[in-house]
Amino acid sequence: MEHQLVIYNTLSRKKEIFKSLNPGKVGLYVCGPTVYSDSHLGHGRPNITFDLLYRLLMYAGYQVRYLRNITDVGHLEDENEGTGEDRISKRARLEQLEPMEVVQKYMNTFHQNMAELNVLPPSIEPRASGHIIEQQQMILSIIKNGYGYEVNGSVYFDVEKYNQKYNYGKLSGRNLDDIKTHTRVLAGQAEKKNSFDFALWKKASPEHIMRWPSQWSDGFPGWHLECSAMSTKYLGEQFDIHGGGMDLTFPHHECEIAQCNASLGKESVSYWMHNNMITINGQKMARSLGNFITLDELFTGTHKILEQSYSPMTVRFFILQAHYRSTIDFSNEALKASEKGLKRLMEGVETLAHLIPSKVSTVDFAPIKEKCLAALFDDLNSPIAISYLFDGVKIINSIKSGNGRVSTEDLKELQDFYDTVVFKILGLKNEESNVSGNDSILNNVVDLLLKLRVEAKNNKEWDTADKIRNELLEMGIEIKDTKDGFEWKLL
RNA sequence: GGUCUCUUGGCCGAGUGGCUAGGCAGUGGUCUGCAAAACCAUGUACGGCGGUUCGAAUCCGCCAGAGACCUCCA
């Protein structure tokens, strides 16, 4: 059955029916990380959210070009709290590395973490430093159209001038007068016409390492510019969906809109999508609050607020159990709940794979399948979709215990459905391994011991049976007795 | 200070006018030599006050509380 994709557009503040510019094709751009430190929990949210969107679009039959950039230059620190220097340059100085070594190092860990979370790689992953020419060309056209001005080797965007023709603030819902009265005046802004003007090109100070020649100065591009330049290059002057974290709405995305309008004279993005933030025990995650958790810390349980480690799929499932536009609160209790819920779902899928079909079906999965997909197509409502998967698991379990039958044909369809939704669209994967990799000797030895235990049980030699169970448990091998025999897994 | 959002049962988290999401925990049960696991059953909650309505968690107003953005952040 066909479903119409509906997505919430930040621009209109409404859900809209998705219609691609080119039939059958979708251009998707998502703001990627600035690679100056380890990937953290906050990176999980947008990447999983838009991975879901990417997977759903492909399921719907679209050919998707998915761009997710790597910011490796131009992202400056807040001058009031930090030094105002480029984040990557600063890190390079602190770690005594080349800036590009810093970039490579943290880009590698980002990629590894994304792979662990089963986030598909994008179609193109452009880097800001690799598109200096394109950014300079965009600056030229912005200047040519009268919306940029040069001062002392730096180029700034003339927001006030732009606002006379366009609407600066329409994405984030603010107007220039408010911004005017409430923008903090930062140090070193004297050369700008207005405090809310933003940099397109910054002249590099003598000690600034990352610099490129330009007609204005040896310098570097402003942070907002890369996304505009790279999306235009690879997705064209107009494309379908632009995503990112809600915190980027202002000023970053507002500036992108301004840059594209100012240089291209047209609106480039049809749908703006923003994922909400993650809080930790009710508080915003921030380095200053001491609740800043990297993905590695989460996966290994090494952060002090974590009571245990949480697997990548637990984290992914947890994120998918909330709607992407809601804030989501991380706590040990909530994560443990997701861990168990995921296990229940995965065991349901496992049970489904081994279900024995009957001649006819006494259960009807059609409504569940329909509602589950409908939820996903309704602005990525993964929590609702998951709730229907659980409803299905309940029925699957009842069939297993003999309280229902499913025909061969229905069973095949149901297996395909779970495979599609659970693995292909939601992007989950089974992390349980009751076999220890390729260590067949271990497998054989444990199986042998457990067969001996079964014999002992049959002979009512409980002491021996318990001894085997307890001692294996001490070695980190957990045993479950089942109807037919046993199961075991490494803890 | 400005702009905006949120407040749902022990916890997490959907839902946006009537049809009591779902997960976890708890409780009861089945199974089991015991245990674990698993499975089944079970909870009529929506910040407070007022209004609109035949009917409100859902719409409107006020109050209280929390948060986000406005400044780097995903």
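Here is how names work: the chains are called A, B, and so on, in the same order as the sequence lines, proteins then strands, and each is numbered from 1.
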Starting at CZ of A:Phe317 and ending at C1' of B:C24, how long is that distance when rounded to a whole Å? 11 Å

P atom, B:A36 versus B:C46: distance in rounded Å? 35 Å

Under a 4.0 Å N-O cut-off, is there an ion pair linking A:Lys15 with A:Asp379? no

Determine the contact category for A:Gly42: base if any of its heavy atoms lies under 4.0 Å from a base atom, sugar-phosphate if only primed atoms, P, OP1 or OP2 are that close, otherwise nothing. base

What string of B, S and - do you get for nucleotides 7-20 of chain B 5' to 3' if you count protein non-hydrogen atoms under 4.0 Å? ----SSSSS-----

Which whole-number value in Å describes the distance from A:Arg68 CZ to B:A74 P? 13 Å

Sugar-phosphate only, base, or nothing, as touched by A:Arg469 at under 4.0 Å among non-hydrogen atoms: base

Distance-only side-chain donor-acceptor flag, A:Asn332 / A:Gln308, under 3.5 Å: no

Compare side-chain N and O positions of A:Lys343 against OP1 and OP2 of B:A38 and report whether any pair is under 4.0 Å apart. yes

Backbone N/O of A:Leu426 and side chain of A:Arg316: donor-acceptor pair under 3.5 Å: yes

Examine B:G23: is either OP1 or OP2 under 4.0 Å from a nitrogen or oxygen in the side chain of A:Arg344? Give yes or no. yes

Expressed as a whole number of angstroms, how long is the span from A:Lys467:NZ to B:A35:C1'? 19 Å

Is it the case that the side chain of A:Asn403 and the backbone of A:Ile399 share a donor-acceptor pair, with hydrogens and angles ignored and the cut-off at 3.5 Å? no

Does a nitrogen or oxygen in the side chain of A:Lys394 sit under 4.0 Å from OP1 or OP2 of B:A41? yes

Taking the same atom, P, in B:G51 and in B:G2, what whole-Å distance lies between them? 30 Å

Tell me whether the ring of A:Trp462 lies stacked over the B:G33 base, given a 5.5 Å limit on centroids and a 30° limit on the plane angle. yes

Assign each of A:Gly173 and A:Phe250 the nucleotide of RNA chain B bearing its closest heavy atom; nearer the 5' end lies the nucleotide of A:Gly173

Between A:His242 and A:Tyr271, does the ring centre distance come in under 6.0 Å? no

For A:Tyr162 and A:Phe157, I'd like to know if the aromatic rings sit close, meaning centre-to-centre distance below 6.0 Å. yes

What's A:Lys340 touching, base or sugar-phosphate or nothing? Going by heavy atoms closer than 4.0 Å. sugar-phosphate

With a 4.0 Å limit, can you tell me whether A:Asn275 has a side-chain N or O closer than that to the phosphate oxygens OP1/OP2 of B:A74? no

Specify the residue among A:Ser401 and A:Met285 whose closest nucleotide of RNA chain B lies further upstream toward the 5′ end. A:Ser401

Between B:A37 and B:C4, how many Å separate the two C1' atoms, rounded to a whole number? 48 Å

Report yes or no: is the cationic atom of A:Arg45 (NZ for Lys, CZ for Arg) under 6.0 Å from the centre of the six-membered ring of A:Tyr324, at an angle within 45° of the ring normal? no

Check: residues 383-398 of chain A side-chain donor-acceptor pairs under 3.5 Å, at least two apart:
from: A:Ser387; atom 1: OG; to: A:Ile384; atom 2: O; distance (Å): 2.7
from: A:Asn397; atom 1: ND2; to: A:Val393; atom 2: O; distance (Å): 3.3
from: A:Ser398; atom 1: OG; to: A:Ile395; atom 2: O; distance (Å): 2.7

Between B:G50 and B:C39, how many Å separate the two C1' atoms, rounded to a whole number? 49 Å

Does any N or O in the side chain of A:Asn275 come within less than 3.5 Å of the main-chain N or O of A:Thr49, such that one atom is a donor and the other an acceptor? no

Is it the case that more than 12 heavy atoms not belonging to A:Lys170 sit under 6.0 Å from its NZ atom? yes

Measure the distance from CG on A:Asn69 to P on B:A74 and round it to the nearest whole Å. 11 Å

Between B:C4 and A:Arg13, counting only base atoms on the nucleotide and side-chain atoms on the residue, is there a donor-acceptor pair under 3.5 Å? no

So what does A:Leu248 touch, heavy atoms closer than 4.0 Å: a base, only the sugar-phosphate, or nothing? sugar-phosphate

Quick one: does A:Asp466 reach the base of B:G33 with a side-chain donor-acceptor pair under 3.5 Å? yes

Using a 3.5 Å limit on both distances, find every run of at least three consecutive Watson-Crick or G-U pairs that involves RNA chain B. B:1-7 with B:64-70, B:10-12 with B:22-24, B:26-30 with B:38-42, B:47-51 with B:59-63

If the P atom of B:G23 is compared with that of B:A64, how far apart are they to the nearest Å? 39 Å

Is A:Lys480 near enough to B:A38 that one of its side-chain N or O atoms lies under 4.0 angstrom from OP1 or OP2? no

What integer number of Å spans the C1' atoms of B:G9 and B:A57? 12 Å

Any side-chain heavy-atom pair from A:Val30 and A:Asn69 closer than 4.5 angstrom? no

What is the distance from CD1 of A:Ile468 to C1' of B:G33, rounded to the nearest Å? 15 Å

Tell me whether the side-chain N or O atoms of A:Asp481 pair up with the base of B:A35 as donor and acceptor below 3.5 Å, since no angle test is needed here. yes

If we take the P atom in both B:U7 and B:G15, what is their distance in whole Å? 10 Å

In whole Å, what separates the C1' atom of B:G26 from that of B:G43? 10 Å

